[in-house]
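Contents: one structure, followed by commentary.
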Amino acid sequence: MSDSLREPWLRGIAFNPAAPSDVLIRLMDRAAGEVGPLMCEGRDLPGAAVDAALVHPAGKIRVALARNRHVDPARLALLATDPSGIVRCGLAGGPRPGSDGSDHCRTASSSPS
């Protein structure tokens with residue numbers, strides 16, 4: 001697969017509602033680039049993916065999850081005691097307006113081939 005198609009392809013998987021939890025969890029890996037944080041912030045995640053993101057070693061993943069408007073705030077309570085001040089700040093700031101991921105999917109689908 002060409003490098004120019006890699007990012008849109010991964011985003012397509014990340015925002016596919018039928019993608020299994022184990023695939024979504026693997027997309028949180030640094031090797032997937034910015035797809036993990038975009039996914040954790042912008043879509044409704046299955047419980048197993050939320051659980052993995054809550055304890056993920058990368059702060060970017062935890063900050064993104066803290067800003068996810070689809071996750072029940074009670075599930076995010078663990079992040080209130082996160083060792084990273086950036087994660088706690090992300091939680092305090094709440095979801096970003098329009099952070100539903102649709103802009104990322106639209107960008108990927110409109111990219112020239």
Side-chain angles (χ1 to χ4, degrees):
M1 175 178 303
S2 76
D3 286 341
S4 65
L5 295 178
R6 183 176 185 274
E7 181 85 11
W9 184 74
L10 289 174
R11 285 184 187 200
I13 294 170
F15 284 92
N16 181 340
S21 295
D22 63 318
V23 171
L24 299 178
I25 292 167
R26 287 194 330 238
L27 287 173
M28 293 178 201
D29 189 77
R30 186 186 329 168
E34 290 301 309
V35 171
L38 291 173
M39 174 188 68
C40 288
E41 182 174 343
R43 69 160 282 182
D44 189 14
L45 294 166
V50 172
D51 292 341
L54 283 169
V55 296
H56 198 278
K60 289 174 78 170
I61 295 292
R62 298 190 315 275
V63 168
L65 185 69
R67 294 178 176 159
N68 187 320
R69 66 184 180 93
H70 302 285
V71 179
D72 179 4
R75 300 269 331 261
L76 300 175
L78 179 66
L79 297 178
T81 58
D82 195 277
S84 168
I86 295 171
V87 173
R88 293 190 310 272
C89 184
L91 181 63
R96 286 195 240 179
S99 63
D100 65 355
S102 61
D103 56 333
H104 303 299
C105 289
R106 194 169 23 259
T107 300
S109 67
S110 64
S111 296
S113 301

Let me check something: any side-chain donor-acceptor pairs from residues 12-20 under 3.5 Å, sequence neighbours excluded? List them with distances.
| unit_1 | atom_1 | unit_2 | atom_2 | d |
| --- | --- | --- | --- | --- |
| Asn16 | OD1 | Ala18 | N | 2.8 |

Using side chain to side chain contact (heavy atoms under 4.5 Å, CB included) as the criterion, list what pairs up with [X], not counting sequence neighbours.
X: Ala80; result: Leu91
X: Ala53; result: Met28, Cys40, Ile61, Leu65
X: Ser84; result: Arg62, Asp82, Ile86, Val87

Over all atoms of both residues, closest heavy-atom pair of Arg88 and Leu79: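 Result for this residue pair: CG-O, 3.6 Å.
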What pair of heavy atoms forms the shortest contact from Ala49 to Leu24, and how long is it?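 Where Ala49 meets Leu24 most closely, the heavy atoms are CB-CB, 4.4 Å.
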According to the salt bridge (charged side-chain N to carboxylate O under 4.0 Å, His left out) rule, which pairs have a member within residues 49-59, sequence neighbours left out?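 For residues 49-59, and leaving out neighbouring residues, the salt bridge (charged side-chain N to carboxylate O under 4.0 Å, His left out) pairs sorted by first residue read Asp51-Arg75.
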Pairs flagged by salt bridge (charged side-chain N to carboxylate O under 4.0 Å, His left out) wherever residues 22-37 is involved - sequence neighbours left out: Glu34-Lys60
Stepwise side chain to side chain contact (heavy atoms under 4.5 Å, CB included) check, Val55 with Leu78: CA-CA 9 Å; Val55 296; Leu78 179 66; 4.3 Å; yes
Test Met39 against Leu45 for side chain to side chain contact (heavy atoms under 4.5 Å, CB included), laying out the working first. CA-CA 8 Å; Met39 174 188 68; Leu45 294 166; 3.9 Å; yes
Under 3.5 Å donor-acceptor, Asn68 side chain and Asp44 backbone: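 Not at all, since once roles are kept as given, no pair shorter than 3.5 Å links the two residues.
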